Amino acid sequence: QVPLVESGGGSVQAGGSLRLSCAASGYTSGHYWLGWFRQAPGKEREGVATIYRGIDRYYSDSVKGRFTISQDNAKNALYLQMDSLKPEDTAMYYCAATRAILIGSQRINPRRYDYWGRGTQVTVSS
């Protein structure tokens, strides 16, 4: 498989926005769940948002209404638009994929995902 590669991270002030991108060639045209996950220092990796075939979307409660996940099959890319950022959003963000059939909260469970990018850092200051 072509590696997943994240980009778009950076430092912003609270209330600002960022758009993360993930090069996902070989995944967007297949039957994969794609997702964004994050891990803050000293904490476990957690699910942020996931998507299946560009239509079925699932968000964690902490980001719902602020973040939007999408995919562009023509560009073989996965995106995460992050608005109204908060300091608690600070983390390393990863994109990931799986061929597993997922239901309910499994869709944002990082243990259910098999293919991972290297991550991109997002830092939100007060």
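Values reported hereafter were calculated over all heavy atoms of this structure, with side chains retained and with hydrogens, waters and symmetry mates removed. Keep in mind that what you see is a predicted model, and the values were worked out from it rather than measured.
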Side-chain hydrophobic cluster, 4.5 Å single linkage: members besides I108: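 When side chains under 4.5 Å apart are linked, the cluster holding I108 also contains Y58.
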Single-linkage hydrophobic cluster Y52~W116, side-chain heavy atoms < 4.5 angstrom: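 Yes, one cluster joins them.
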Where at least one partner belongs to residues 56-70, residue pairs that pass salt bridge (charged side-chain N to carboxylate O under 4.0 Å, His left out), sequence neighbours excluded: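 Qualifying pairs, neighbours excluded: D56-R107, R66-D89.
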Qualifying salt bridge (charged side-chain N to carboxylate O under 4.0 Å, His left out) pairs with a residue from residues 67-86, counting only residues at least two apart or across chains: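 For residues 67-86: none.
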Set of side chain to side chain donor-acceptor pair (under 3.5 Å) partners for [X], sequence neighbours left out:
| X | answer |
| --- | --- |
| R45 | Q39 |
| T90 | none |
| D114 | T98 |

E88 atom CD, over 12 foreign heavy atoms within 6.0 Å: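 More than 12 within 6.0 Å, yes.
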All ring-ring contact (aromatic ring centres under 6.0 Å, His included) counterparts of W36, not counting sequence neighbours: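 With neighbours one apart ignored, the set is empty.
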Contacts of type ring-ring contact (aromatic ring centres under 6.0 Å, His included), residue Y94, not counting sequence neighbours: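 ring-ring contact (aromatic ring centres under 6.0 Å, His included) check on Y94 returns nothing, list empty.
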T68 vs L80, side-chain contact (heavy atoms from CB on, under 4.5 Å): CA-CA, chis, key distance, verdict: CA-CA 6 Å; T68 303; L80 183 68; over 6 Å; no
Mind checking the [atom1]-[atom2] spacing from [X] to [Y]? Nearest 0.5 Å is all I need.
| X | Y | atom1 | atom2 | answer |
| --- | --- | --- | --- | --- |
| C95 | R118 | SG | CZ | 12.0 Å |
| I69 | Y59 | CD1 | OH | 6.5 Å |
| R112 | T50 | CZ | OG1 | 12.0 Å |
| L78 | C22 | CG | SG | 5.5 Å |

Nearest non-hydrogen partners of P87 and S126, listed with the distance: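 It is CG-OG, 3.6 Å.
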Heavy-atom closest pair, residues P110 and G47: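 In terms of heavy atoms, the two residues are closest at CD-N, 4.3 Å.
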Note: E46-R38 ion pair, threshold 4.0 Å (strictly below):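 Yes, E46 and R38 are salt-bridged.
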For [X], give me all partners under side chain to side chain contact (heavy atoms under 4.5 Å, CB included), at least two apart in sequence or on another chain.
| X | result |
| --- | --- |
| A97 | L4, Y27, Y32, L34, Y115 |
| V122 | L18, L20, M82, Y93, V124 |
| S21 | S7, R19, Y79 |

Pair listing, disulfide bond (SG atoms under 2.5 Å apart) test, anchored in residues 46-86, at least two apart: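 Qualifying pairs, neighbours excluded: none.
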F37/Y113 aromatic ring centres below 6.0 Å: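 Ring-ring flag for F37/Y113: true, centres closer than 6.0 Å.
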